[in-house]
Each structure stands twice: as C-alpha cells, then as structure tokens.
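The block underneath contains the structure these notes are about, expressed in structure tokens.
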Amino acid sequence: MFDTPFIIPVVAIIAWAVVAVVRAKHGIDESGNVDASSPAVNKMVEGALAERDAEIERLRERVQVLEAIVTDTHKSHHLAEEIERLREG
C-alpha cells in the first residue's frame, strides 16, 4: 500500500512536530534553553514563591510564640522578685 521510502520522511516530520510542540509547551527553545517568559516557567516560579511565602509566615508565627515565651518568662521572673521584696519589706 505505502512505499517504504515515503514513510520514513513522514514519520520524521511527525516526530519533529511532536518534539517542537512539547518543547514549546515547556518553554524550551531550539538551543535547549528555558524561556523565562513561558507560562510553564511562570507557573513554577509562582508555586515556588507561594511556598516561600507560606514558610515565611510559619516562621513569623513561631518567632512570635518564642518572643511571647521569652517575654512572659522574663516578666514572671521580675514579678517573682518583686513579690519576694514585698514580703521581706
């Protein structure tokens, strides 16, 4: 039905087209470099930034808790000293 010499170029062209579409979808140019303005790269960057922001928020909350613990302990210590001075006086 098909002559073999015609199948090889057709398959090669189809394979090239598939590779080109996949590379374009992932933002890779002809030289193999990633295009920073591609939607795939932008999506990855946005995801990384969201993870970073969430981690920063968690760390801020932990620092607030630690500050409260240190401050409360410090105040409690001074309060205990003041109570002892009042008892002695």
Side-chain angles (χ1 to χ4, degrees):
M1 184 162 154
F2 292 110
D3 196 11
T4 304
F6 294 112
I7 292 177
I8 294 173
V10 169
V11 170
I13 291 171
I14 291 172
W16 174 81
V18 169
V19 168
V21 168
V22 170
R23 290 177 84 146
K25 180 180 178 185
H26 294 287
I28 302 171
D29 63 9
E30 292 80 24
S31 62
N33 297 325
V34 176
D35 180 16
S37 64
S38 72
V41 172
N42 288 338
K43 187 175 181 180
M44 288 177 17
V45 169
E46 288 173 3
L49 290 175
E51 288 178 21
R52 183 204 61 189
D53 292 343
E55 181 67 18
I56 289 172
E57 187 59 33
R58 282 192 297 270
L59 291 173
R60 283 184 179 154
E61 290 172 2
R62 290 182 71 183
V63 167
Q64 287 176 349
V65 169
L66 292 172
E67 287 175 343
I69 290 171
V70 169
T71 304
D72 288 346
T73 303
H74 187 67
K75 287 179 182 177
S76 298
H77 180 67
H78 285 297
L79 181 61
E81 288 178 353
E82 189 174 334
I83 290 172
E84 286 302 317
R85 276 189 297 219
L86 290 172
R87 283 184 184 162
E88 292 172 0

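The residues Arg58 and Glu55 are annotated as salt-bridged, a charged nitrogen and a carboxylate oxygen being separated by less than 4.0 angstrom. The pair Glu46-Lys43 does not count as a salt bridge, with every side-chain nitrogen at least 4.0 angstrom from each carboxylate oxygen.
Using a 4.5 Å heavy-atom threshold, the side chains of Arg60 and Ile56 count as touching.
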